[in-house]
K.L.:
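My structure is below; once you've seen it, I'll send some questions.
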Amino acid sequence: MDWSFQNAVVFFFSDRSRSSGVKASVKMRNGELPKSLLVCGSAIRKNGNANNLVVGPLLKNLYSSSSVCVSGRAQDVSFDGNFSEEQLVDSTAVSGLNLKLLSGSCYLPHPDKEETGGEDAHFICEDEQAIGIADGVGGWADVGVNAGLFSRELMSHSVNAIQEECNGSIDPSRVLEKAHANMKARGSSTACIIALKSEGLHAINLGDSGFMVVRDGCTIFESPVQQHGFNFTYQLESGNGGDLPSSGQVFTIPVAPGDVIIAGTDGLFDNLYNNEVTAVVVHAIRTGLGPEATAQKIAALARQRALDTNRQTPFSTAAQDAGYRYYGGKLDDITVVVSYVTNSANI
């Protein structure tokens, strides 16, 4: 997350009272679902051995991973806001199925941050059916702090907390609370943790990190952005200096076989509109690409847009709405995690 667009460095603010996270099945703050931009880095993923974690190195150009996560059943949940029951009615038809996530990821650090690995972090826990992303706040570099260390530590603690959860009963909110309580590194970051359970996807998102769900070529869900102001995201910090995990928004989303989950950092969603992401997903499914290859395609297009100074992007739109004269993309770390929802019988 690059905060250099603002003159002031905005990575610290006094403690504020916040309401606890809200579920997607109830009305969001003020009854509105804000326009979504999304968020995610150096990967931490679990391999086939239950006690062996693979921690992704700080690679220079591209990090990608592919793995399978565990099963659950999808059930129907009604949504307020912009989501209709008609969009989600198919979920009732798969209540008897065991679902699995087939996941892959791609990470492109900012070209100027390749040596240090950038400031994004993410994990894929294949056995525990969970994924997570974090985006370190780049403004800390002005005081000599590498926020990438914070985001990577946060994701590492999240993996440890997930492994302490009962099988099939992962609570993303509890996981984030535990991870935050164990933080030692200086810095701050956003956070998004998603788990597949019997009721569907359970997720918590804090900041401008997030995810979207695509079904049959349409976006059926997008997580709202949490910002204090333009380009000033909610963020976790060691101790109580920043926002707290309880400030995150909590979601329960029914899913069905064939659904595709795309999680990513603002490096992705500042540069691609949802319909552009969906178009890549549709093409990838039609051509038989797996989730890792799909994540690579999405990340590559986001980087292309980030370097384009002649195209309107979600970030330039938000900047203009905030009164800035800005056009084109925004160069940043880009993390994309793609998960295919599948019937476990077909794996």
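Since we're looking at a predicted model, the values are computed, not measured.
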K.L.:
Hydrophobic clusters here meaning ILVMFWY residues chained together by side-chain heavy-atom distances under 4.5 Å, can you tell me if Leu289 and Leu102 are in one?
P.N.:
no
K.L.:
side-chain contact (heavy atoms from CB on, under 4.5 Å) between Thr342 and Leu99: does it pass, once the steps are laid out?
P.N.:
CA-CA 6 Å; Thr342 65; Leu99 302 180; over 6 Å; no
K.L.:
Is there a side-chain contact (heavy atoms from CB on, under 4.5 Å) between Val260 and Ser339? Walk through the geometry before answering.
P.N.:
CA-CA 6 Å; Val260 181; Ser339 297; over 6 Å; no
K.L.:
Do the non-hydrogen side-chain atoms of His110 and Leu331 ever get within less than 4.5 Å of each other?
P.N.:
yes
K.L.:
Starting from the C-alpha separation in whole Å, work towards a yes-or-no answer on salt bridge (Lys or Arg N to Asp or Glu O under 4.0 Å) for Glu119 and Arg152.
P.N.:
CA-CA 8 Å; Glu119 291 149 350; Arg152 289 189 281 275; over 6 Å; no
K.L.:
Start with the C-alpha distance between Leu301 and Val277, add both sets of side-chain angles, then the distance that settles side-chain contact (heavy atoms from CB on, under 4.5 Å), and finish with yes or no.
P.N.:
CA-CA 9 Å; Leu301 182 59; Val277 176; over 6 Å; no
K.L.:
State, with a plain yes or no, whether a side-chain heavy atom of Ile204 is found less than 4.5 Å away from one of Cys192.
P.N.:
no
K.L.:
Could you check whether any side-chain N or O of Asn271 sits under 3.5 Å from a backbone N or O of Gly329, counting only pairs where one atom can act as donor and the other as acceptor?
P.N.:
no
K.L.:
Look at Glu237 together with Arg186 and state whether they make a salt bridge at an N to O cut-off of under 4.0 Å.
P.N.:
no
K.L.:
State yes or no: do Val336 and Ile285 share one hydrophobic cluster built from I, L, V, M, F, W and Y residues joined by side-chain heavy-atom distances below 4.5 Å, directly or via other members?
P.N.:
yes
K.L.:
Could you tell me whether Glu165 and Lys178 have a side-chain N and a carboxylate O separated by less than 4.0 Å?
P.N.:
yes
K.L.:
Might you point out which heavy atoms bring Ile170 and Val175 nearest each other, and give the distance in Å?
P.N.:
CG2-CG2, 4.1 Å
K.L.:
Closest approach of His122 and Ser105, non-hydrogen atoms and distance?
P.N.:
NE2-OG, 2.9 Å
K.L.:
Might you point out which heavy atoms bring Ser316 and Tyr327 nearest each other, and give the distance in Å?
P.N.:
CB-CA, 3.9 Å
K.L.:
With a 4.5 Å cut-off on side-chain heavy-atom distances among I, L, V, M, F, W and Y, is there a chain of contacts connecting Val337 to Ile220?
P.N.:
yes
K.L.:
Is there side-chain contact between Asp120 and Tyr107, with heavy atoms separated by less than 4.5 Å?
P.N.:
yes
K.L.:
So, do Leu236 and Pro245 sit near enough that their side-chain heavy atoms are less than 4.5 Å apart?
P.N.:
yes
K.L.:
Before you tell me yes or no, could you show the steps for Asp266 and Lys330 under salt bridge (Lys or Arg N to Asp or Glu O under 4.0 Å), namely the whole-Å CA-CA distance, both residues' side-chain angles and the distance that decides it to 0.1 Å?
P.N.:
CA-CA 9 Å; Asp266 59 351; Lys330 176 191 174 191; 3.6 Å; yes
K.L.:
Quick check against the 3.5 Å criterion: does Arg303 have a side-chain atom that pairs as donor or acceptor with the backbone of Leu108?
P.N.:
yes
K.L.:
Val159 versus Cys125: any side-chain heavy-atom pair under 4.5 Å?
P.N.:
yes
K.L.:
May I ask you to test the Asp135-Ser189 pair for a side-chain heavy-atom distance under 4.5 Å?
P.N.:
no
K.L.:
Indicate, with yes or no, if the rings of His202 and Phe251 have centres closer together than 6.0 Å.
P.N.:
no
K.L.:
For the residue pair Leu268 and Ile262, establish whether any side-chain heavy-atom pair is separated by less than 4.5 Å.
P.N.:
yes
K.L.:
Applying a strict under-4.5 Å side-chain criterion to I, L, V, M, F, W and Y, I'd like to know whether Met183 and Leu176 cluster together.
P.N.:
yes
K.L.:
Does His283 form a side-chain contact (heavy atoms from CB on, under 4.5 Å) with Thr294? I'd like the steps, not just the answer.
P.N.:
CA-CA 9 Å; His283 178 75; Thr294 302; over 6 Å; no
K.L.:
Any sub-3.5 Å donor-acceptor pair from Asp308's side-chain atoms to Gln304's backbone N or O?
P.N.:
no
K.L.:
So, does Glu292 use its side chain to make a donor-acceptor pair with the main chain of Gly104 at under 3.5 Å?
P.N.:
no
K.L.:
Taking the side chain as every heavy atom from C-beta outward, state whether Leu201 and Thr252 have any pair of such atoms under 4.5 Å apart.
P.N.:
no
K.L.:
Looking only at heavy atoms, what is the nearest atom pair of Val250 and Ser173, with distance?
P.N.:
CG2-OG, 3.3 Å
K.L.:
So, the side chain of Tyr234 versus the backbone of Leu244: is there a donor-acceptor pair under 3.5 Å, distance only?
P.N.:
no
K.L.:
In terms of ring plane angle, is the pair Phe211 and Phe221 parallel, tilted or perpendicular, where the classes change at 30° and 60°?
P.N.:
tilted
K.L.:
Mind listing the closest non-hydrogen atom pair of Ile193 and Phe123 along with its distance?
P.N.:
CG2-CZ, 4.4 Å
K.L.:
Same hydrophobic cluster for Met155 and Leu149, using side-chain heavy-atom links shorter than 4.5 Å among ILVMFWY?
P.N.:
no
K.L.:
Has the side chain of Ser238 got a donor or acceptor atom that lies under 3.5 Å from a matching backbone atom of Ala185?
P.N.:
yes
K.L.:
If only atom types and distance count, is the side chain of Thr233 paired as donor or acceptor with the main-chain N or O of Gln227 below 3.5 Å?
P.N.:
no
K.L.:
Considering non-hydrogen atoms only, spot the tightest contact between Ala302 and Gly267 and give its length.
P.N.:
CB-O, 4.0 Å
K.L.:
Sub-3.5 Å donor-acceptor pair from the side chain of Glu276 to the main-chain atoms of Tyr273, do we have one?
P.N.:
yes
K.L.:
Under 3.5 Å, side chain of Asp259 to main-chain N/O of Val255, donor-acceptor pair present?
P.N.:
no
K.L.:
Would you confirm whether the ring centroid of Phe315 sits within less than 6.0 angstrom of the ring centroid of Phe230?
P.N.:
yes
